[in-house]
Amino acid sequence: MLPYEFLGDWSGQLVTTSIHAGHDLRPEIADLMILDEEDRLREEDPFTDAIGSLMPARLMVHRSRFEADLNRSRDMAVYAGPQYCWGFNVWSTGGLPAGPLARSLEYWDAFYADLAVRLDELAARGPFVIFDIHSYNHRRPGPDQPDESWEKNPELDLGTGMVDRERFTPVIDALRDSMSAQGFDVRDEVKFFPKQMSQWVHNRYPGTGCVMTLEFKKTFMDEWTGLPDPDRLNELAQSVVTAGDAVLAALADLPALAVEDLEALAS
């Protein structure tokens, strides 16, 4: 299987990504990994590809974040020790040897090079939006323990901290208002702050790219067994479509930027 795929029709201005949905490992990484597969799955974002599956343009990553985390900077993309990955010992050799490490970083490099080709085309047509879909655990104390508190675990943790708010506030509001109107408990960056992909897009496409991170609480699956709730997943997928329509309408109403404005943002 390919490490990642660009799926659907990319002729529009809205893309959904699921860069932590993957579980695959290339053979040399699987041979060196001592992390239990169930623990690994629990820290990945399974089924986030299904949440974005009804959108026209999608980026699906099949490789596990434990091979190389595409949402961390290049120097932090391969987990070097337990302090970087929820206290887990990952590698039989303590750290990843130089050869496999270099090949994992080649994968990270290839991902961003290929993404640039796709997004350059979108940016040439005007402003665009990425829904960067993730999920998070809310039952960490154990499978037989109560859920963690509602106050610290919104159903949807919305990450917009790297977005140019002067430019894209109407787009952010459209997403938040749509999800709230559909009954979601939406709060901003209670659990997480956007990371590498958001930073990379906003640096490369200032005034044009807008990445909003949608961190869904894992109410659509059992985070301990890995079993999904198909009905809830379908509801979430439909909600993202509805929110996408609202966001595209807001995007279409943004004023055009003059060339000198774009040059100033890029400088």
Side-chain angles (χ1 to χ4, degrees), residues 8-21 45 47-60 71 115 119 122-123 125-136 153-220 232-257:
D9 178 6
W10 283 59
S11 63
Q13 298 300 110
L14 176 60
V15 174
T16 58
T17 63
S18 50
I19 62 175
H20 283 164
D45 294 355
F47 311 114
T48 48
D49 55 323
I51 295 174
S53 63
L54 300 181
M55 300 296 281
R58 305 178 306 284
L59 167 56
M60 166 61 182
N71 207 30
L115 182 59
L119 295 185
L122 266 68
R125 296 195 297 268
F128 65 87
V129 171
I130 295 177
F131 286 174
D132 183 25
I133 300 177
H134 295 265
S135 63
Y136 74 91
N153 293 271
E155 187 172 10
L156 176 58
D157 194 19
L158 182 60
T160 62
M162 293 188 181
V163 178
D164 178 351
R165 289 182 177 267
E166 183 175 353
R167 172 78 165 141
F168 288 108
T169 287
V171 175
I172 297 171
D173 290 346
L175 173 58
R176 183 187 298 107
D177 292 349
S178 176
M179 297 301 288
S180 296
Q182 295 179 71
F184 286 85
D185 165 28
V186 183
R187 284 175 273 161
D188 289 16
E189 293 161 4
V190 175
K191 302 280 291 185
F192 303 98
F193 191 82
K195 293 184 179 178
Q196 171 64 30
M197 194 176 75
S198 181
Q199 183 178 44
W200 180 88
V201 169
H202 292 125
N203 287 343
R204 186 178 179 89
Y205 308 102
T208 301
C210 174
V211 181
M212 295 183 286
T213 302
L214 285 71
E215 291 270 3
F216 287 95
K217 184 160 65 173
K218 288 183 178 176
T219 59
F220 56 85
R232 184 56 178 162
L233 280 172
N234 185 62
E235 291 171 356
L236 295 180
Q238 294 288 346
S239 73
V240 169
V241 170
T242 299
D245 290 341
V247 162
L248 285 173
L251 193 69
D253 288 339
L254 290 182
L257 287 177

- Pairwise side-chain hydrogen bond (donor to acceptor under 3.5 Å, both in side chains) hits with a residue in residues 154-163, at least two apart: Glu155-Arg232, Thr160-Arg165
- Message: Filter on side-chain hydrogen bond (donor to acceptor under 3.5 Å, both in side chains), then keep only pairs touching residues 238-252, sequence neighbours left out; what's left?
- Response: none
Residue list, side-chain hydrogen bond (donor to acceptor under 3.5 Å, both in side chains) with [X], at least two apart or on another chain:
{"X": "Asn71", "result": "none"}
{"X": "Asp253", "result": "none"}
{"X": "Asp132", "result": "Thr17, His134"}
{"X": "Gln13", "result": "Arg125"}

Under 3.5 Å, is there a donor-acceptor pair between the side chain of [X] and the main chain of [Y]?
{"X": "Ser198", "Y": "Pro194", "result": "no"}
{"X": "Thr48", "Y": "Asp45", "result": "yes"}
{"X": "Arg58", "Y": "Thr16", "result": "no"}

To the nearest 0.5 angstrom, please state how far the [atom1] atom of [X] sits from the [atom2] atom of [Y].
{"X": "Leu158", "Y": "Lys191", "atom1": "CG", "atom2": "NZ", "value": "16.0 Å"}
{"X": "Lys218", "Y": "Phe47", "atom1": "NZ", "atom2": "CZ", "value": "9.5 Å"}
{"X": "Leu214", "Y": "Ser135", "atom1": "CG", "atom2": "OG", "value": "11.5 Å"}

- Query: Mind checking what makes salt bridge (charged side-chain N to carboxylate O under 4.0 Å, His left out) contact with Asp185, not counting sequence neighbours?
  - Reply: Arg187
- Task: Over all heavy atoms of both residues, which pair between Ala57 and Leu14 is shortest? Give the atoms and the distance, please.
- Result: CB-O, 3.6 Å
- Query: Restricting to pairs with a member in residues 8-21, which pass salt bridge (charged side-chain N to carboxylate O under 4.0 Å, His left out), not counting sequence neighbours?
  - Reply: none
- Enumerate the residue pairs fulfilling salt bridge (charged side-chain N to carboxylate O under 4.0 Å, His left out) with a member in residues 205-216, sequence neighbours excluded, ordered by first and then second residue. none
- Message: Any non-hydrogen side-chain atom of Ile51 less than 4.5 Å from a side-chain atom of Leu233?
- Response: yes
- ring pair (Phe, Tyr, Trp, His ring centres under 6.0 Å) with Phe193: which residues, sequence neighbours excluded? none
- The ring pair (Phe, Tyr, Trp, His ring centres under 6.0 Å) partners of Tyr205 (sequence neighbours excluded) come to Phe128
